[in-house]
Amino acid sequence: MEAAKSPSIVVLTGAGISKESGLSTFRDKDGIWAKVALEDVATPEGFQRDPKRVHAFYNDRRRGLLAADICPNAAHVALVELEDRWPGEVLIVTQNIDNLHERAGSKNVIHMHGELLKARCGACGSVFDCNFDLALELPCLACMRAGGLRPHVVWFGEMPFEMDRIYAGLDACGLFLSIGTSGNVYPAAGFVQEVRGRGSTQTIELNIEPSEGRSFFEEQRYGPATEIVPAYVKELLKKASA
């Protein structure tokens, strides 16, 4: 592919890209949703019923993300190289709430499902960095009210963040990459159909195994993200410089 034919790239990433960094996925047979009901910890209704349980769930996940042995892997690093060297915009749209893309060095990242290391106040709407446990009695750092803090994540039934910016990126891109996604969580699962409807965007799935939306992609490559993503980025950059 010549760079002139691909003015921009949109990369959609899911839990599969972070799994090799030691973070759990959601929908594998031994994933998070096999151990806890999403209705209890990942919905507004679950938070209303038992906020202490929801805080405990995300506090555990936050501590796990902050563990010393959790770090970006070769797939994250390859996407940084793509962003640095591609002669056009590279936008990473991630379903992940971890910060591994940023820690690797990616700059143009949209967290459509929020960020685990941020908290939001239900009273004043303030969002701030959070690398500590949340609890009902903690006051908001902005308005100082207690009882309104929640993880800055998108729960089932809530609208993902920055959808206007995401669709603008999809509308302009010449290449759409989907990495490590299950293909069954919308609206992200529908992005490939969104870009294919124009007929001018190349679509590629890079995954450990075929996703539910595999048939919508023109090309598929399967294997560990730490192997297939660096290999594909190297190939892509080689063609761009030819």
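Computed from a predicted structure; not experimentally measured.
- Looking at heavy atoms from C-beta onward, P151 lies in side-chain contact with H55 at the 4.5 angstrom threshold.
- Ring geometry for W155 against Y58 counts as tilted: the plane angle lies between 30° and 60°, on a 0 to 90° scale.
- Ion pairing between a basic and an acidic side chain is recognised when a charged N comes within 4.0 Å of a carboxylate O; R103 and D98 show no such pairing.
- For the 3.5 Å distance criterion, the side chains of E158 and H113 fail to qualify, holding no donor opposite an acceptor.
- Looking only at distances, a side-chain donor or acceptor of N96 sits under 3.5 Å from a matching main-chain atom of G14.
- Considering only heavy atoms from C-beta on, T13 stays 4.5 Å or farther from Q95 through its side chain.
- Looking at I204 and E218, their side chains never come closer than 4.5 Å, going by heavy atoms from C-beta outward.
- Counting only distance, with no hydrogens or angles, the side chain of Q220 and the backbone of R214 share a donor-acceptor pair below 3.5 Å.
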Exercise. side-chain contact (heavy atoms from CB on, under 4.5 Å) between I110 and F161: does it pass, once the steps are laid out?
Worked result: CA-CA 8 Å; I110 295 176; F161 298 142; 5.8 Å; no
For this session: Decide side-chain contact (heavy atoms from CB on, under 4.5 Å) for L177 and V10; before the verdict, give the C-alpha distance in whole Å, the side-chain angles of both, and the deciding distance to 0.1 Å.
Result: CA-CA 6 Å; L177 301 179; V10 172; over 6 Å; no
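- At a cut-off of 3.5 Å, with distance as the only test, a side-chain donor of N108 or E89 sits close to an acceptor on the other residue.
- Using modelled atom types, one side-chain atom of S241 and one backbone atom of K238 make a donor-acceptor pair closer than 3.5 Å.
- The residues R221 and E219 are annotated as salt-bridged, a charged nitrogen and a carboxylate oxygen being separated by less than 4.0 angstrom.
- Using a distance-only test at 3.5 Å, with no hydrogens or angles considered, a donor-acceptor pair links the side chain of S21 to the main chain of C71.
- Grouping the Ile, Leu, Val, Met, Phe, Trp and Tyr side chains by contacts below 4.5 angstrom, directly or via other members, places F57 with L117.
- Taking 4.5 Å as the limit, every side-chain heavy atom of E115 sits out of range of all side-chain heavy atoms of N99.
- Salt-bridge annotation for E45 and R49: absent, with no side-chain N of the basic residue lying under 4.0 Å from a carboxylate O of the acidic one.
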